[in-house]
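Following: one structure in structure tokens, then a few remarks.
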Amino acid sequence: MSIDLDIILKKYKQGKREDLIPLLQEIQDVVGYLTEEAIVKVGSFLGLSTTKIYGLATFYSRFRFIPSGKVQISICNGTSCYLKGSQEIINKIKEETGVSPGQTTRDGNFSYEIVSCMGGCCNGPVINVDGEYITQVRVEQLPEMIKRLKYVIEND
Ligand code: FES
């Protein structure tokens, strides 16, 4: 087990199943996603089967089971952004990256997720690219944006 997992598990009480979600969240915050190793360790620590843990964790869209891309994009699909065309943004990003929300491109460059509201409703549709908010996003600007990001990743 990696040191990070050991340190995290020590903060929790063995066998206390109510801690499952906060424990998984903390692991994800530190490691970046829920590895198979982490699921197995948490299972034996809390006395839960890995099937049960996967079942519960997949119910929450915030948990990831694969590493994020080098660039992580969040697309708001809250009511306000939806009314301003966020679905077209989602479709275009899916087309440009070739993967679905929650997946990572084969080259490891991109992953994206759909979120409910990022607090910028008046300026929607809103996306967030590695922590930077982009407002009033237009579908036409996405191919160039993805191309530019790819160039930056590959020449970094
Ligand atoms: S609904 Fe998109 S920022 Fe609020």
Side-chain angles (χ1 to χ4, degrees), residues 2 4-5 7-8 11-12 17-39 42 46 48 50-156:
S2 73
D4 286 338
L5 283 179
I7 292 168
I8 294 167
K11 296 187 202 168
Y12 293 83
R17 295 174 177 192
E18 309 88 270
D19 286 343
L20 176 63
I21 300 301
L23 177 49
L24 293 179
Q25 185 64 58
E26 190 167 347
I27 291 170
Q28 178 163 288
D29 290 346
V30 174
V31 181
Y33 68 107
L34 299 175
T35 62
E36 193 179 335
E37 180 197 15
I39 299 279
V42 168
L46 294 180
L48 288 165
T50 51
T51 316
K52 180 128 190 146
I53 296 175
Y54 273 116
L56 278 164
T58 49
F59 178 77
Y60 295 88
S61 58
R62 65 178 186 256
F63 290 123
R64 297 181 57 83
F65 302 96
I66 50 171
S68 299
K70 290 173 190 141
V71 170
Q72 168 69 20
I73 303 171
S74 301
I75 310 163
C76 179
N77 200 28
T79 309
S80 192
C81 287
Y82 178 81
L83 293 172
K84 291 175 182 167
S86 59
Q87 193 55 52
E88 286 171 61
I89 304 295
I90 294 167
N91 294 343
K92 193 63 182 174
I93 288 188
K94 184 174 185 179
E95 185 189 316
E96 289 294 319
T97 60
V99 293
S100 297
Q103 296 179 336
T104 300
T105 55
R106 203 181 280 260
D107 57 13
N109 283 347
F110 296 98
S111 56
Y112 69 97
E113 61 177 353
I114 296 168
V115 299
S116 56
C117 180
M118 293 197 266
C121 310
C122 324
N123 295 307
V126 180
I127 67 172
N128 183 301
V129 179
D130 272 350
E132 184 191 333
Y133 290 97
I134 304 173
T135 57
Q136 298 175 337
V137 180
R138 288 170 293 108
V139 170
E140 313 82 71
Q141 77 188 90
L142 295 172
E144 185 56 37
M145 185 194 86
I146 297 286
K147 210 165 125 187
R148 186 173 37 82
L149 289 166
K150 202 168 177 178
Y151 178 83
V152 171
I153 294 166
E154 287 166 4
N155 292 284
D156 202 16

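Just follow the structure's listing: the first ligand is 1, and inside any ligand the first atom is 1.
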Report task. Specify the closest pair of heavy atoms between Cys121 and Ser80, including all atoms of both residues, with the distance to one decimal. Result ->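 Looks like O-OG, 3.2 Å.
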Requested in this report: Could you tell me which non-hydrogen atom of Arg64 sits nearest to which non-hydrogen atom of Ser111, and how far apart they are?
Outcome: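 The pair with the smallest heavy-atom distance is NH2-CB, 3.9 Å.
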Query raised in the report: Sub-3.5 Å donor-acceptor pair from the side chain of Asn77 to the main-chain atoms of Val115, do we have one?
Result: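 Checking the backbone N and O of Val115 against the side chain of Asn77, no donor-acceptor pair under 3.5 Å is found.
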Query raised in the report: Looking at atom 4 (Fe) of ligand 1, is one of the N, O or S atoms of Cys81 less than 2.8 Å from it?
Result: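 Here the distance criterion (N, O or S atom, under 2.8 Å) is not met by Cys81, so no.
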Query raised in the report: Closer than 2.8 Å to atom 4 (Fe) of ligand 1, do we get an N, O or S atom from Cys117, backbone or side chain?
Result: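 A backbone or side-chain N, O or S atom of Cys117 is under 2.8 Å from atom 4 (Fe) of ligand 1.
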[X] heavy atoms, cut-off 4.0 Å: which ligand 1 atoms fall inside?
X	answer
Gly120	3 (S)
Ser80	1 (S)
Cys76	1 (S), 2 (Fe), 3 (S)

Report task. Please determine, by modelled atom types, if Asp29 and Gln25 share a side-chain donor-acceptor pair under 3.5 angstrom. Result ->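 Distance-only check passes for Asp29 and Gln25.
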Requested in this report: Would you kindly say whether Tyr12 and Glu26 are connected by a side-chain donor-acceptor distance under 3.5 Å?
Outcome: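 Their side chains do contain a donor-acceptor pair, which is all the 3.5 Å distance test asks for.
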Query raised in the report: Mind checking whether Tyr112 and Val99 have side chains closer than 4.5 Å, heavy atoms only?
Result: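 Yes, at least one pair of side-chain atoms sits under 4.5 Å.
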Query raised in the report: Are any of the heavy atoms in Gly124 under 4.0 Å away from ligand 1?
Result: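 Contact absent.
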Query raised in the report: Is atom 2 (Fe) of ligand 1 under 2.8 Å from any N, O or S atom of Cys121?
Result: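 Not a single backbone or side-chain N, O or S atom of Cys121 is under 2.8 Å from atom 2 (Fe) of ligand 1.
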